[in-house]
Amino acid sequence: MDRRAAEAILLSRGWLPDQPADFQAALLAGAEPRHFRKGEVVFQAGDGPGGLYGIVAGSFGTYVSTPYSAPALSHILHPGWWCGEGPALGGPKRVLTVRSMESSWAMHLPYEAARALVLSNPAAARSVGQLGQIAMRVAIANVAQLMIRRADRRIGAVLLRVTGALDEAALAPTGDIRLTQLEIARMANASRNLVNKSLAQFEAAGWVRLGYNRIAVLDSAALADFAYQRG
């Protein structure tokens, strides 16, 4: 992954473009590209302090767990997303597990550099703190979607979130996103057979395009109308 290309991606989408120019420069100056194989663990819950990761190619899956349950896939992060901010803000341990869903590249800011950046001035701390707010919004959306009783509508809502078709309350079509029916089933708390049936209905309606382990949302507004019973 070319460094300039990686920086251009992170400066064109997601959280970083909205931050001050001096913060952008300082963050990227201390970061280096890293490659992750499909299935490779980026970090896991319970790990000690570590750095920040900005995804530039591929995708990362986030897994939630409790002392009584194994890690479960809950969300998928695409290029432009950042994760791992907790330790930089003073968190002693990782609270999530993050794994590469496919061959992926990310810019990695080591813990020491991330911590120094946060402590450099209040504005930098506020910028990094926004990542926690973004993560909280995703968590709230996750819980709200799992409370949708009708499974096909729940599947539609989860699909909008994990593909990025519904981001910050803005609806948009997506390109082809690497996503399997089993992963959708796990995140939507639905059977794989029901996911298969629902996706076929969504495709017949012209809302999505299906491929081998790939899906593109073509009409996010119509899918949202169905999932959230709007209109």
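What you see is a predicted model; the values in this text were computed from it and never measured.
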Side-chain contact test, heavy atoms from C-beta onward, threshold under 4.5 Å: evaluate it for L131 versus L52 and give yes or no. yes
In terms of hydrophobic clustering (I, L, V, M, F, W, Y; side-chain heavy atoms under 4.5 Å; direct or indirect links), are I76 and L146 co-clustered? no
Closest non-hydrogen contact found for G51 with R94 is O-NH2, 2.9 Å
CD of E203 to CD1 of I215, rounded to nearest 0.5 Å, is 8.5 Å
Applying ring pair (Phe, Tyr, Trp, His ring centres under 6.0 Å) as the test, list every pair that has at least one member in residues 178-208; sequence neighbours left out. F202-W207, F202-F226, W207-F226
Do W82 and V128 come within less than 4.5 Å of each other through their side chains, counting heavy atoms only? no
Under the rule for side chain to side chain contact (heavy atoms under 4.5 Å, CB included), what residues qualify as partners of R4, not counting sequence neighbours? D2
Output side-chain donor-acceptor pairs under 3.5 Å for residues 20-28, partner residues at least two apart or in another chain, one line each.
unit_1 : atom_1 : unit_2 : atom_2 : d
Q24    : NE2    : L16    : O      : 2.9
Q24    : NE2    : P17    : O      : 3.4
Q24    : NE2    : Q19    : O      : 3.1

Can you name the side chain to side chain contact (heavy atoms under 4.5 Å, CB included) partners of N121, sequence neighbours left out? A123, A124
Which residue is it: V208, T174, L166, I177? I am looking for the one with a side chain to side chain contact (heavy atoms under 4.5 Å, CB included) to L159. V208
Backbone of N213 reached by a side-chain donor or acceptor of T180 within 3.5 Å: no
Supply the atom-to-atom distance E40 CD to R34 CZ, rounded to the nearest 0.5 angstrom. 7.0 Å
Non-hydrogen atoms of G58 and S104 that approach each other most closely: CA-OG, 3.5 Å
To the nearest 0.5 Å, what is the distance between CZ (R37) and OG (S103)? 10.0 Å
Which heavy atom in G156 sits nearest to a heavy atom in A227, and how many Å separate them? C-CB, 3.9 Å
Hey, what else clusters with I140 if you join Ile, Leu, Val, Met, Phe, Trp, Tyr whenever side-chain heavy atoms sit under 4.5 Å? M136
Shortest non-hydrogen pair, A45 vs S65, comes out as CB-OG, 4.2 Å
Using a 4.5 Å cut-off on heavy atoms from C-beta on, say whether the side chain of I9 contacts that of W105. no
Hydrophobic cluster partners of V64 (side-chain heavy atoms under 4.5 Å): V95, L96
Are L171 and L223 co-members of a hydrophobic cluster defined by side-chain heavy atoms under 4.5 Å apart? yes
Which pairs pass salt bridge (Lys or Arg N to Asp or Glu O under 4.0 Å) with one or both residues in residues 97-111, sequence neighbours excluded? E102-R214
Distance in Å, I55 CD1 paired with M107 CE, rounded so as to fall on 0.5 Å steps: 13.5 Å
Min side-chain heavy-atom separation M101-L179 under 4.5 Å: no
Quick check: do S220 and L160 have side-chain heavy atoms less than 4.5 Å from each other? yes
Nearest 0.5 Å, please: how far is CD in E32 from CZ in R3? 4.5 Å
Cut-off 3.5 Å, no hydrogens considered: what does the side-chain donor-acceptor table look like for residues 186-201, sequence neighbours left out?
unit_1 : atom_1 : unit_2 : atom_2 : d
S191   : OG     : L194   : N      : 3.1
N196   : ND2    : Q181   : OE1    : 3.2
S198   : OG     : L194   : O      : 2.9

Report yes if some heavy atom in the side chain of F60 is under 4.5 Å from a heavy atom in the side chain of Y53; otherwise report no. yes
Check: L10 and E7 side chains under 4.5 Å, non-hydrogen atoms: no
Working to the nearest 0.5 Å, report the span between CZ of R154 and OH of Y228. 12.0 Å
Could you tell me which residues satisfy side chain to side chain contact (heavy atoms under 4.5 Å, CB included) with T62, sequence neighbours excluded, listed by chain and number? S74, H75, L77, V98
On a heavy-atom basis, the closest approach of A57 and M1 is CB-CE, 3.9 Å
Could you pull out all residues at least two apart from H78 that satisfy ring-ring contact (aromatic ring centres under 6.0 Å, His included)? none
Between P33 and H35, is there a side-chain heavy-atom distance shorter than 4.5 Å? no
Is M147 isolated, or which residues cluster with it under the ILVMFWY side-chain rule of less than 4.5 Å, directly or via members? V143
Any idea which heavy atoms bring R209 and L218 closest together, and the distance? NH1-CD2, 3.4 Å
Hits for side chain to side chain contact (heavy atoms under 4.5 Å, CB included) against T66, two or more places apart or cross-chain, chain-then-number order -> Y68, S69
